[in-house]
Amino acid sequence: MFGALTAMPYILIVTMKKSLLVVQSQSSESDSDGTDQAHNQSIVVPTTVIAIADSFQKKDNSWVVTSQIATDLSIQVQDVTFTVHKYPLVSKCGYIGRLELQPSISNFGYELKLENFPGGSEAFEIILKFCYGLPLDLNPSNIAPLRCASEFLEMSEEIDDGNLISKTEAFLTFVVLSSWKDTITVLKSCETLSPWAENLQIVRRCCDSIAWKAPRDNSMVNDEGWCFDDVASLRIDHFMRIITAIRAKGARPEIIGKCIMRYAERWLPGMDAELEGLRGYGYGKNELQFSIFIGGKEDEGIEHSKEQKSIIESLVSILPPQPEAAPCKFLLKMLKMAMVYSASQALISELEKRAGMMLENANVNDLLIPNYKCEDQGKMVKSLEKRTMHNTDVVQRMVEYFLMHEQEKQQLPPTSGKSSVSKLLENYLAEVAKDPNLSITKFQVLAEALPERARTCDDGLYRAIDTYLKTHPSLSEYDRRRLCKIMSCGNLSLDACMHAAQNERLPLRTVIQVLFSEQVKMRAAMQGKEPAASDNNSEQEITQTSTKTEIMALRAELENIKTQMTELQRDYSELQHEYEKQNNKHRNGSAWNFGWTKIRTSALFHRKLDGNEGGEGHQRSNSLGSKINFRRRLSIS
């Protein structure tokens, strides 16, 4: 009976072929697309099958063909059951034709279940319509699933001329791969077709096509910057293959870097958000609660964290080694994300090294790396752990990498890199000094990371030290002196000296050093004023406004201040000696009254100068004297 059924359709094919070709020629005149013409001419099916194909019905999870000829095959794909005729499928699909179909228990016919069918029920429905002779609609969204599904069902030319494998392969090669947008669409559809899309070389061909069409230098990026968004929409493994192919085609490092940065912005939402290591104090002064806010989401699953970690490690692994490939700001953002998601230590070290070599291009916010990991979410951190708000060890290592890089560049012309990094480090210290858990040792090591010659002025360092003293009021006198030894009083500006002279948080010895260095600088400025005028014509015009009388008056005042400072230092030494004697005896007020009397009778507190400048100097000396008097009384008490 089956032989009779198979003979009838082939006779119908021969008798109806002429009429079908007439219809196709008319359609080809109305449609100028060569691809559609080839597609239409390939559809040659029996009229009886076409009549059957006009009566498809879908009910929930079933797909049924209703006709006068009873169906004899039930095929299950995923959760959808297709009740169809056996012959149309056997005539096109070699896989079904060679199967030993099992008779159905529930009804008449056979049953078949297709496990792991590429493309799922949607692709099988299109293939089923093709087998029944309905028009085949190929587009970039379904071409990859249909190509894989046709390979699964073995729909080759050996089974039938113009079968689905040849049609999908021709459409993919000549239509899809010639278009950038279509190739991107096909590559996205391949994400659920593994391993079929890989084995059929669909992914490789798409990646190569995109690599050939991608811009390779900056001149093309201005007009074709949209391509970065398309490439960034792909899955990470496909993105990496495209970047590898683009690099093999000779693209410039900055082009590859821009692609990677665009991808990171899309798939790592925390890249543009400020990561907060410390959200606030928890249940007491000795407890800190850490939390992180990435893209407005505070609770993220383990699977999402693993995916983020995989993306970070993949992007860093394909980042070109050239400095122009990515700016320092991007590297530091990636470093933050890598530490938050607990990336490998080798990757973190690589990011630290690369960012350290470009540290002069960073800013303070870039260096504020939270001392936080995803597993710390919602945990309370006890004070015994000494957990700080920000990770200062990372910054210290980056400064060391920067110094090593500068050492290697000594043969090149000098740059202002050290000066920029010095200011950056001072501002960073002023920021992290607000952390109550930051130890004085870490602060000191970080402050001394750069050599003193890298700083032309210590005002920023003084501000950081003052902030640390303000945040840690319980520091001992020894720790205060130890901290103040980091800065050079001779490198402070006049404003900083005036502030330090009145700063109650500084040790008394530091205040004396500040005052002395201020006077030394004034004397040096007066001595070098006239020679400097003879060397530069522009400076001569400025100095001519100063009269000789003013210069002589300033010099006289400087000598007077020098004498007074000498007397003050001698009085200070005597007071220190007296203080050491009193420590071994019972305290009494008479000895100290004698000491304070010597200070009051010293020349510094009874200096009288003529004119307005003399009056201002007298007022400042009295202010400083009363300040020192107050601090010493505090020290004695």
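Everything numeric here is computed off the predicted structure, so don't read it as measured data. Only this structure's heavy atoms are used, side chains among them; waters, hydrogens and symmetry mates stay out.
Under a 3.5 Å cut-off, the side chain of Thr173 and the backbone N or O of Glu169 do form a donor-acceptor pair. Ser166 places no side-chain N or O within donor-acceptor distance of the main-chain N or O of Gly162, the cut-off being under 3.5 Å. In terms of modelled atom types and a separation under 3.5 Å, the side chain of Glu191 and the main chain of Arg235 share a donor-acceptor contact. Side chain of Arg397 to backbone of Lys353: no donor-acceptor contact under 3.5 angstrom is found. Side chain of Asp366 to backbone of Ala362: no donor-acceptor contact under 3.5 angstrom is found. Side chain of Arg205 to main chain of Gln201: a donor-acceptor pair is present (N/O by atom type, distance under 3.5 Å, no hydrogens or angles). A donor-acceptor distance shorter than 3.5 angstrom exists from the side chain of Ser317 to the backbone of Ser314, with no hydrogens or angles considered. Judged by distance alone, the side chain of Tyr263 and the main-chain N or O of Ile236 form a donor-acceptor pair under 3.5 Å. Put simply, the side chain of Thr71 never gets that close to the backbone of Leu73: no donor and acceptor are under 3.5 Å apart.
Not counting sequence neighbours, the partners of Trp196 by the ring pair (Phe, Tyr, Trp, His ring centres under 6.0 Å) test are Phe152. Residues that satisfy the side chain to side chain contact (heavy atoms under 4.5 Å, CB included) test with Asp182, not counting sequence neighbours, are Pro140, Val176, Ser179. Every ring pair (Phe, Tyr, Trp, His ring centres under 6.0 Å) that Phe82 has, sequence neighbours left out, goes to Trp63, Phe124.
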- Query: Should Lys129 and Glu125 be marked as a salt bridge (Lys or Arg N to Asp or Glu O under 4.0 Å) after you check the CA-CA gap, both sets of side-chain angles, and the distance that decides it?
  - Reply: CA-CA 6 Å; Lys129 291 179 180 179; Glu125 179 180 343; 3.6 Å; yes

- Run the numbers on His85 and Tyr132 for side chain to side chain donor-acceptor pair (under 3.5 Å), then give the verdict. CA-CA 9 Å; His85 300 86; Tyr132 273 96; 2.8 Å; yes

- Query: Could you walk me through whether Lys309 and Ser342 pass the side chain to side chain donor-acceptor pair (under 3.5 Å) check?
  - Reply: CA-CA 7 Å; Lys309 176 182 175 181; Ser342 303; over 6 Å; no

- Carefully, step by step, assess Ile210 and Ile184 under the rule side-chain contact (heavy atoms from CB on, under 4.5 Å). CA-CA 8 Å; Ile210 293 172; Ile184 293 290; 3.4 Å; yes

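Summarising the geometry, atom CG belonging to Asn391 is positioned 4.5 Å from atom CG belonging to Asn371; distances are rounded to the nearest 0.5 Å. Separating the CG atom in Asn142 from the CZ atom in Phe171 is a distance of 7.5 Å, to the nearest 0.5 Å. Note that the CD1 atom of Ile318 and the CZ atom of Arg241 stand 13.0 Å from one another [nearest 0.5 Å]. Between the CD atom in Gln78 and the CG atom in Leu114 there is a gap of 10.5 Å [rounded to 0.5 Å]. With values rounded to the nearest 0.5 angstrom, Ile242 atom CD1 is found 5.0 Å from Leu187 atom CG. To the nearest 0.5 Å, the span separating CD1 on Ile256 from OG1 on Thr244 amounts to 8.5 Å.
Side-chain contact between Ile126 and Asp137 is absent, with no heavy atoms from C-beta onward closer than 4.5 Å. The side-chain heavy atoms of Val394 and Met339, taken from C-beta on, include a pair separated by under 4.5 Å. Side-chain contact between Leu315 and Trp267 is absent, with no heavy atoms from C-beta onward closer than 4.5 Å. With a 4.5 Å cut-off on side-chain heavy atoms, Asn163 and Ile165 do not count as touching. Taking the side chain as every heavy atom from C-beta outward, Cys131 and Met155 approach each other to under 4.5 Å. Inter-residue side-chain proximity for Leu164 and Leu136 is flagged as met; some heavy-atom pair is nearer than 4.5 Å. In this structure, the side chains of Glu122 and Pro145 stay at 4.5 Å or more apart for every pair of heavy atoms. Between Phe402 and Met357, every side-chain heavy-atom pair lies at or beyond the 4.5 Å cut-off.
For Lys181 and Asp230, the salt-bridge test passes: some basic side-chain N is under 4.0 Å from an acidic carboxylate O. Glu324 has no carboxylate O lying under 4.0 Å from a charged side-chain N of Arg252, or vice versa, which leaves the two without a salt bridge.
Taking the centre and axis of the six-membered ring of Tyr110, the NZ or CZ atom of Lys86 falls inside the cone set by 45° and 6.0 Å.
For Glu158, the CD atom sits in a loose shell: 12 or fewer heavy atoms of surrounding residues, nucleotides or ligands are nearer than 6.0 Å. Heavy-atom contacts from other residues, nucleotides or ligands closer than 6.0 Å to NZ of Lys113 number 12 or fewer.
Glu313 and Leu347 make their closest contact through CA-CD1, 3.3 Å (heavy atoms, listed as atom of the first residue, atom of the second, distance). Of all heavy-atom pairs spanning Ser141 and Thr185, the tightest one is OG-CG2, 3.8 Å.
Residues Lys213 and Ser209 have side chains that bring a donor and an acceptor to within less than 3.5 angstrom of each other.
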